[in-house]
Amino acid sequence: MTIIPVSGGAFAAYDVVVGRGLLAQAGAHIAPLAKGRTVIVTDETVAGIHAQTLTASLTAAGVTSEIVAVPAGESSKSFAELERVLDRLLEIGLDRKDVVIALGGGVVGDLAGLAAALFMRGIDFVQIPTTLLAQVDSSVGGKTAIDTPRGKNLIGAFHQPRLVLADIDVLATLPERQVRSGWAEVLKHGLICDAAFFDWLSGEGAAGAKGDSAALERAVIRSVEIKSAVVGEDEKEAGRRALLNLGHTFGHAIETEVGFDEGALAHGEAVALGCCMAFRYSAREALCTTDDVARVEAVVAAAGLPTRLDQAGSFAADRLLALMAGDKKAEGGALTLILARGIGQAFVAKGVDAAKVRAFLIEEGATA
Ligand SMILES: NC(=O)c1ccc[n+]([C@@H]2O[C@H](COP(=O)([O-])OP(=O)(O)OC[C@H]3O[C@@H](n4cnc5c(N)ncnc54)[C@H](O)[C@@H]3O)[C@@H](O)[C@H]2O)c1
Ligand SMILES: O=C(O)C(=O)C[C@@H](O)[C@H](O)[C@H](O)COP(=O)(O)O
Ligand SMILES: [Zn+2]
């Protein structure tokens, strides 16, 4: 078992526990936090596979629980599902001493986290991430949100969990496509600030993208170390945290344009493509080399992830540009991109020229 603390001056410190068999021991970890009841927010798929292990473990530890399940998939990050979850919490009669447990992927974590942030102006919540993406990224750092047709995560709150339990064993039931999707955020962490980690991910560690459990565990631990250090320094993205958005300015625009239906572009797929685009844009601006770009594309493609815009669909440059201008990092309508001077050397670029980005999008295959 590895424990990675997440701490910063601005919020109560908490632990990310990474290990095996943790779901069956969750009750013992959660009991000290749960003075009253717990509500497990999950999705219908995860409920059928993993909820019973969790409820049995909570019961054994003397913690009562109820389950609220939402449909699986990105479309549950909506006002409608948020309202439904909050209404169920009210109906169950939760109070401020009670705890919400998010059992699932990033969709459940973002939705349940936002519900916990809003319920009676904020109650505690625990993250039990069951996808690779949620273990390496979304369960850590306190970003919670829903989507709207106008863009990803535009309605949300910063609300840190009290505890994160990342059980590597639950990844055994994850569909291969979802393993690959989570792998994109792992690659992103290497690309941002750890070239040695990226080297490992491109060699021995690449087995993780195919589900190798030992490689996955190492990838989860290193990713959480990287993310927790950034979040500890800059909880609310006043500066350095924006680096974690590498690939997301392009990626979120593409994801929104494709739509949030189950089976459409997965978040990690959009991020993988967005990282390749950010590196290509960086090379276009002579910030990094074309060798860097070729390496990033090769590693992303080897993981079975998209590298080119046409793999995600057909897009109009102006539509993507408008969505990018609505990104949360934009300032006064001016674009902010995360660019790179090389692998492991990402930086925040503010006031990026929209005309250049438009020309780049057309080069990438978007229509004028
Ligand atoms: N808050 C953050 O910091 C942050 C970071 C990254 C991504 N995100 C968000 O996370 C979301 C994507 O999360 P995701 O990729 O986990 O998708 P997801 O939550 O939709 O899960 C993917 C699919 O896997 C299924 N699943 C989950 N765990 C399973 C398991 N152990 N076995 C079998 N099936 C399982 C789910 O039912 C779902 O169908 C996006 O909305 C993205 O914006 C948030
Ligand atoms: O934690 C962060 O900060 C991130 O940017 C991590 C991203 O992988 C994640 O997708 C996040 O939800 C994006 O945040 P947003 O502020 O761009 O919506
Ligand atoms: Zn992401």
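FYI, side chains are in, hydrogens and waters are out, and symmetry mates aren't considered; it's all heavy atoms of this structure. Whatever order the structure lists ligands and atoms in, that order sets their numbers, starting from 1.
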For ligand 2, which atoms have a heavy atom of [X] less than 4.0 angstrom away?
X    : value
K328 : 15 (P), 16 (O), 17 (O), 18 (O)
K188 : 6 (C), 7 (C), 8 (O)
H267 : 10 (O)
K143 : 1 (O), 2 (C), 3 (O), 4 (C), 5 (O), 14 (O), 15 (P), 16 (O)
R241 : 1 (O), 2 (C), 3 (O)

Kindly give the atom name of the N, O or S atom of [X] closest to the Zn ion (ligand 3).
X    : value
H267 : NE2
E185 : OE2
H248 : NE2

How far is [atom] from the closest protein heavy atom, and which atom is that?
atom                    : result
atom 35 (C) of ligand 1 : L174 CD1, 3.6 Å
atom 9 (C) of ligand 2  : H248 NE2, 3.7 Å
atom 40 (C) of ligand 1 : E74 OE1, 3.2 Å
atom 7 (C) of ligand 1  : L133 CD2, 3.4 Å

Regarding ligand 2, does [X] bring an N or O atom to under 3.5 Å of one of the ligand's N or O atoms?
X    : result
N153 : yes
D137 : yes
N245 : yes

Enumerated ligand 1 atoms positioned under 4.0 Å from heavy atoms of [X]:
X    : result
P175 : 33 (C), 34 (N)
T45  : 37 (O)
H50  : 31 (N)
D43  : 36 (C), 37 (O)
K227 : 3 (O)
A72  : 37 (O), 39 (O)
K77  : 9 (C), 40 (C), 41 (O), 42 (C), 43 (O)

Going by a strict under-4.0 Å cutoff (protein heavy atoms only), does atom 25 (C) of ligand 1 have a neighbour on the protein?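 Within 4.0 Å: no protein heavy atom nearby.
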
Looking at F347, does the NZ or CZ of R341 lie under 6.0 angstrom from its six-membered ring centre and within 45 degrees of the ring axis?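 Here R341 passes the 6.0 Å and 45° test against F347.
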
For the residue pair H252 and H248, categorise the inter-ring angle as parallel (less than 30°), tilted (30 to 60°) or perpendicular (more than 60°).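 It falls in the perpendicular class, over 60°.
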
Is there a path of hydrophobic side-chain contacts, each under 4.5 Å between heavy atoms of I, L, V, M, F, W or Y residues, that connects V296 with L339?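 No, it is not one cluster - the side chains of V296 and L339 are not joined through contacts under 4.5 Å.
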
Check K227 against ligand 2 and report side chain, backbone, both or neither, counting heavy atoms closer than 4.0 Å. side chain

Short version for L244: what comes under 4.0 Å of ligand 2, heavy atoms counted, is both

Is ligand 2 less than 4.0 angstrom away from at least one heavy atom of H252?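 Per 4.0 Å heavy-atom rule, H252 contacts ligand 2.
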
With backbone taken as N, CA, C and O and side chain as the heavy atoms from C-beta onward, which portion of L171 lies under 4.0 Å from ligand 1: side chain, backbone, both, or neither?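 No part of L171 comes within reach of ligand 1.
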
Ligand 1 versus A266: contacting region, heavy-atom distance under 4.0 Å: neither

